[in-house]
Amino acid sequence: MAEVRLVDIVKNYGAFTAVDHVSLTIADGEFVALVGPSGCGKTTSLNLVAGLIEQTAGDIFIGDRRVNGLDPKDRDIAMVFQNYALYPNKTVFKNLAFPLKMRKLPRADIDRKVRAAAKVLDIEHLLERRPRELSGGQQQRVALGRALVRDPRAFLMDEPLSNLDAKLRGQMRAELKRFHQDLHATVIYVTHDQLEAVTMADRMAVMNGGKLQQYDTPARVFSNPVNIFVAGFVGSPAMNLLYGLMEGANRVGRDGWAVELSAENAGRAARATGREVVLGARHSTIALHREHVAGAVPGRVYTVEPTGDVTFVHVRVAQTIVVVSVAPSVMLAIDDPVWLGFDQNKLHLFDGTTGDAL
Amino acid sequence: MSVSTAAREPNVFARIVRHRADYLYIAPALGVMLLVIGYPIYDTIYLSFFNTPPSLAMADKIFVGTDNYVRILTSEAFLDVTINTLIWTAFSTFFAFALGLGAALALDRQFVGRGLLRGILLIPYVISAVAAAYIWRWLYHSDFGVIGALAVASGITDRPINFLDNVDTSLPSLIVVNVWKEFSFAMIMMLAGLQTVPEQLHRAAQVDGAGVFQRFWHITMPHLKGVTLVTVLLLLVANLNSFTIPWIMTAGGPAGSSDIWITAIYQLAFERIRFGVASAYSVILFVVMMSMGYFYVRALTGKDEATPG
């Protein structure tokens, strides 16, 4: 296994910039998730590392070797694709053997390695079957096996779980994490599902519009999002964002709502470049009151979503919907008047003009 | 498939009665089919057992049993025509397919002028066979032909080559025209097949270390198996049935050197007015074609049935 390093990578398609000056170091044995919405440049970045496309500018290192311009086969990486990309006319055994055969390994070595990989993934009994005779989960393991047999320097995974149903996806998430820990593998994992990134990755790289937004541990990305985009992307339900204007030194409000800021938060808000300040609050940090409480923001219940463990209450505050979590025992009806209390210590503040955290 | 159907429902007529409304709906179509396909087949088979001398009226035809068949199958001319037909079919099919696949592979990539080239390569397919045959007859012409003139001008020969009036070159010359006409069709089919090869498979193989030829062999070719089978079968059937190009260009001549089954049948029936023998000839060809049709249908539908349960 090896470290993978992207240095100031740019990829242009004509006038369109798919990857915009991205620098990223994935440590040896680290599991890094590239996450972002469709078209954010995450898959393009992965394909650049694989060598399936060539960057416009910048350098890519795998281990201490600069791999610019090298063919995928010479980069010594393995890839797992979204729809598995198993060779449909070959048996599972031959699918696993293919990368070894292409490297002209002796037959006995191929046989040994394929069986070893099949054992790790518990697919030994499937070796003589063809891909179309396998379930989605089994195909996924075979795809993983084909990546595994070669002992590559890094695993590149492109949304490998998105074709599975929800239950199997949860199961495979756990298995992938285990697989990574057992092998101490360097993994670059592309996903649009922030939950996969948060649950599996050592570090996650959040991308948007071809630019790297934040690269940190899931816990820190969750607790300290660097800008409005990251705040809104990571976490489910997403962070509530209230777009307001400074009204005096320690008050933010707009269209019938206002929040008094603590002295510390007022100090942060003062750093904003303009009057526009965005308040960010996770659902669990907002208190829901049924009577007026000093400093609380009034709203009306828009809808109620019980999930079993916790009930999400969508509250309409002026033009915005704020999601608050409450205990399942709390009974609320649509259009009930409620008051929301924000925890000043857990309030996020963003510069409304630049979008950056304050 | 018929076996399993029979096992499920022993009485076919009971089935028909139960689905009588359904059968009623398709009755008009079935009637027309029987009329335009069933009746001619029946009549041809019926006629094949009769001698129909040109001097007699059709009503006075003479029943001769299987004489027509015996006479055809034992005649030397039939052997010659059959050999010609096999040469014609085998070479036309092979080269049309090979050229078509090559052209499809060339077009299945991005390059400047791809659309234009594809348009040009489609011309042989869209041009009428009659027009093509006449054009090529002039190209081949022993006195005024462009090909002959070019051969002389470039010093390959000192006299124009006599392509069509020579027993050694007539059939190969026709095959060239046929390949030119048919490779377009193979190209379209294979191009359609190529476009269904999943891009991710190629990427996976690239990462796995496969080069261009290995990817062609391990990814593209297996994926094209079905469309190849269908294309080759369609070409085989079309070539066994060829008429327009050979008839217009040489009419089987000279001295029967380019005579193939259909031109021979046409001559027997409409030039020598021997409907009985021509019918018997047609029935033999019909049997050959139907067996090919059987394989064609199996190739089209067999894939699912072959899947182990």
Side-chain angles (χ1 to χ4, degrees), chain A residues 43 46-47 49-53 67 70-91 94-105 110 128-133 139 142-150 152-160 163, chain B residues 97 101 104-105 108-115 189-233 295 298-309:
Chain A
T43 297
L46 194 76
N47 287 338
V49 175
L52 290 168
I53 48 178
V67 296
L70 281 186
D71 275 347
K73 66 180 162 69
D74 300 321
R75 296 191 178 197
D76 204 8
I77 41 94
M79 207 159 169
V80 179
F81 294 86
Q82 181 172 358
N83 46 22
Y84 323 129
L86 298 178
Y87 308 123
N89 54 308
K90 295 185 192 296
T91 60
K94 284 184 174 163
N95 263 282
L96 296 184
F98 190 70
L100 303 174
K101 200 174 145 193
M102 288 301 112
R103 282 172 173 72
K104 300 193 170 56
L105 257 70
I110 293 179
E128 294 314 311
R129 300 234 197 128
R130 279 172 210 282
R132 66 163 181 273
E133 297 160 24
Q139 291 189 27
V142 176
L144 216 50
R146 191 175 59 187
L148 188 65
V149 280
R150 236 177 50 220
R153 293 166 75 78
F155 289 96
L156 311 182
M157 303 191 183
D158 186 6
E159 311 232 6
N163 280 14
Chain B
F97 178 77
L101 176 61
L105 285 171
D108 189 42
R109 51 176 71 215
Q110 293 294 339
F111 58 87
V112 181
R114 181 170 95 140
M189 294 289 283
M190 299 318 283
L191 200 54
L194 280 173
Q195 278 158 6
T196 65
V197 181
E199 180 60 29
Q200 276 205 341
L201 284 184
H202 277 291
R203 296 189 156 208
Q206 241 178 308
V207 172
D208 283 345
V212 175
F213 290 107
Q214 285 160 326
R215 289 209 301 278
F216 178 72
W217 183 253
H218 289 282
I219 310 292
T220 311
M221 277 315 276
H223 206 88
L224 292 179
K225 212 162 85 183
V227 66
T228 299
L229 207 59
V230 170
T231 306
V232 168
L233 267 163
F295 285 110
R298 270 240 325 224
L300 279 182
T301 59
K303 217 181 234 170
D304 305 323
E305 286 171 57
T307 311

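In what follows, chains carry the letters A, B, and so on, assigned in the order in which the sequence lines appear, proteins first and then strands, with residues in each chain numbered from 1. Only a predicted model underlies this, so the values are computations on that prediction, with no experimental measurement involved.
- Side chains of A:Phe98 and B:His218 form a contact here, defined as non-hydrogen atoms less than 4.5 Å apart.
- Contact annotation: the side chain of A:Asn47 approaches that of B:Arg203 to within less than 4.5 Å [non-hydrogen atoms, C-beta and beyond].
- Of the two parts of B:Gln206, the backbone and the side chain both hold a non-hydrogen atom closer than 4.5 Å to a non-hydrogen atom of chain A.
- Open room surrounds NZ on A:Lys94; 12 or fewer heavy atoms of other groups in view lie less than 6.0 Å from it.
- With a 4.5 Å cut-off on non-hydrogen atoms, A:Pro88 touches chain B through its side chain but not through its backbone.
- For A:Arg150 against B:Asp208, the heavy-atom pair with the smallest separation is NH1-OD1, 3.8 Å.
- Under the 4.5 Å side-chain criterion, counting only non-hydrogen atoms from C-beta, A:Met102 is in contact with B:Gln214.
- Residue B:Phe111 places its CZ atom among more than 12 non-hydrogen atoms of other residues, nucleotides or ligands, all under 6.0 Å distant.
- When the candidates A:Arg146, A:Arg75, A:Met79 are compared by the number of heavy-atom contacts under 4.5 Å with chain B, A:Arg146 comes out ahead.
- Taking all atoms of both residues into account, the shortest heavy-atom contact from B:Val207 to A:Ala78 is CG1-CA, 4.1 Å.
- Both the backbone and the side chain of B:Leu201 come within less than 4.5 Å of a heavy atom in chain A.
- Residue A:Leu156 does not touch chain B at all, counting heavy-atom pairs closer than 4.5 Å.
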